[in-house]
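See below for the structure under consideration.
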Amino acid sequence: QVRLVESGGGLVQAGGSLRLSCAASGRTFSTYTMGWFRQAPGKGREFVAATDWSSGSAYYLDSVKGRFTISRDNAKNTVYLQMNSLKPEDAAVYYCAADRTTAQAMSVMSPSILLRLDAWGQGTLVTVST
């Protein structure tokens, strides 16, 4: 089973950039679709981006398209989320997740299904100041 540890969160001014990293343990990282989700205070967990393990296709939340980029380095067992032009509404705890599903499926999963993904990280806080 894969274990995930996120890093890279912090405080940034609106318009700034951050790069989140998610390091995975285990030798089967390349066979997992990796996703990023976020949860703001008082709100549910929201899909942000995912990269498919097989096709390499990426899916994004509409509001982050053109600003966020997900990428993965299978040699380093790490998935990244480059976040540019950050807005106050991007502030949240960001979680990475792994599952042997497709990125497309991960992008539309209901909250009850999200709980059953193979692995979740502990989260990293992103704060965006105005």
Side-chain angles (χ1 to χ4, degrees):
Q1 184 174 353
V2 65
R3 293 186 178 182
L4 308 173
V5 178
E6 302 99 332
S7 62
L11 172 64
V12 64
Q13 285 190 327
S17 299
L18 279 176
R19 188 177 80 155
L20 306 183
S21 299
C22 174
S25 64
R27 294 177 291 178
T28 59
F29 174 78
S30 63
T31 65
Y32 282 90
T33 286
M34 301 299 297
W36 286 97
F37 294 78
R38 66 188 181 188
Q39 188 164 13
K43 295 188 177 181
R45 196 160 295 191
E46 176 181 54
F47 169 81
V48 176
T51 177
D52 193 276
W53 75 272
S54 177
S55 68
S57 298
Y59 288 80
Y60 295 93
L61 177 68
D62 284 346
S63 63
V64 309
K65 285 180 181 177
R67 300 188 297 121
F68 291 11
T69 302
I70 188 171
S71 62
R72 65 190 298 162
D73 186 336
N74 287 338
K76 295 182 177 179
N77 279 13
T78 302
V79 63
Y80 304 97
L81 186 68
Q82 177 67 43
M83 304 187 296
N84 299 328
S85 302
L86 281 160
K87 303 176 180 180
E89 53 263 41
D90 294 319
V93 177
Y94 282 71
Y95 300 89
C96 70
D99 197 82
R100 289 196 167 106
T101 183
T102 65
Q104 183 179 21
M106 189 177 279
S107 72
V108 296
M109 281 183 176
S110 65
S112 61
I113 300 298
L114 286 178
L115 295 175
R116 290 154 51 183
L117 292 181
D118 286 350
W120 285 95
Q122 83 289 349
T124 186
L125 178 63
V126 172
T127 304
V128 183
S129 64
T130 56

task = State whether D62 and K65 are salt-bridged, where the test is any N-O pair (Lys NZ or Arg NE/NH1/NH2 against Asp/Glu carboxylate O) under 4.0 Å.
result = yes
Taken to the nearest 0.5 Å, the spacing of C96 SG from Q122 CD works out to 7.5 Å
Output for pair (S110 OG, L115 CG), nearest 0.5 Å, gives 8.5 Å
If you draw a 6.0 Å radius around CD in Q13, do more than 12 non-hydrogen atoms from other residues or ligands fall strictly inside? no
| With no hydrogens and no angle check, is any side-chain donor or acceptor of Q1 less than 3.5 Å from a backbone partner on A119? | no
What one should report as the nearest heavy-atom pair of A24 and L4 is CB-CD2, 3.6 Å
Output for pair (D73 CG, S30 OG), nearest 0.5 Å, gives 11.5 Å
Taking every heavy atom of A91 against every heavy atom of T127, the minimum-distance pair comes out as CB-CA, 4.3 Å
The side-chain contact (heavy atoms from CB on, under 4.5 Å) partner of F68 among L86, L61, L20 is L86
- Task: Without swapping roles, check the side chain of T124 against the backbone of E6 for a donor-acceptor pair under 3.5 Å.
- Result: no
- Take atom CZ of R100 as the centre, draw a 6.0 Å sphere, and report whether it contains more than 12 heavy atoms from other residues, nucleotides or ligands. yes
task = Look only at the side chain of T31 and the backbone of T28, and say whether a donor-acceptor pair between them is shorter than 3.5 Å.
result = yes
Could R72 and Y80 be counted as a cation-pi pair, given that NZ or CZ must be under 6.0 Å from the ring centre and within 45° of the axis? no
Margin query: If you define the side chain from C-beta out and look only at heavy atoms, does anything of Y60 sit under 4.5 Å from T69?
Written below: yes
| said: Side chains of R38 and Y95 only: does a donor on one sit below 3.5 Å from an acceptor on the other? | reply: no
- Query: Do D99 and D118 come within less than 4.5 Å of each other through their side chains, counting heavy atoms only?
  - Reply: yes
### Message
Which label fits F47 and F37: parallel for a plane angle under 30°, tilted from 30 to 60°, or perpendicular past 60°?
### Response
perpendicular
Closest non-hydrogen atoms of M106 and A50, given as atom of the first, atom of the second and distance, are SD-CB, 3.9 Å
> With distance as the sole criterion, is a donor-acceptor pair present between the side chains of R45 and Q39 under 3.5 Å?
Replying inline: yes
Between M83 and V126, does the side-chain contact (heavy atoms from CB on, under 4.5 Å) criterion hold? Intermediate values first, please.
CA-CA 10 Å; M83 304 187 296; V126 172; 3.8 Å; yes
F29 and V79 have their tightest heavy-atom pair at CZ-N, 4.1 Å
Check your understanding: Would a 4.5 Å heavy-atom cut-off, applied to side chains only, mark Y59 and D52 as touching?
Key -> no
| So, N84 versus S17: side-chain donor-acceptor pair below 3.5 Å or not? | yes
Side chain proximity check, V48 to V64, heavy atoms < 4.5 angstrom: yes
A58 and I70 have their tightest heavy-atom pair at CB-CG2, 3.9 Å
Q) Between R67 and S85, is there a donor-acceptor pair closer than 3.5 Å when you use the side chain of the first and the backbone of the second? A) yes
Point to revise | Side chain to side chain, M109 and T101, heavy atoms closer than 4.5 Å | key: yes
Heavy-atom closest pair (N77 atom, S25 atom, distance to 0.1 Å) is ND2-C, 4.4 Å
### Message
With a 4.5 Å cut-off on side-chain heavy-atom distances among I, L, V, M, F, W and Y, is there a chain of contacts connecting W120 to I113?
### Response
yes
Exercise. For the hydrophobic clusters of this structure (ILVMFWY residues joined by side-chain heavy atoms under 4.5 Å, transitively), does one cluster hold both V93 and L18?
Worked result: no
Using modelled atom types only, decide if a donor and an acceptor are shared between the side chain of T51 and the backbone of M34 within a distance under 3.5 Å.
no
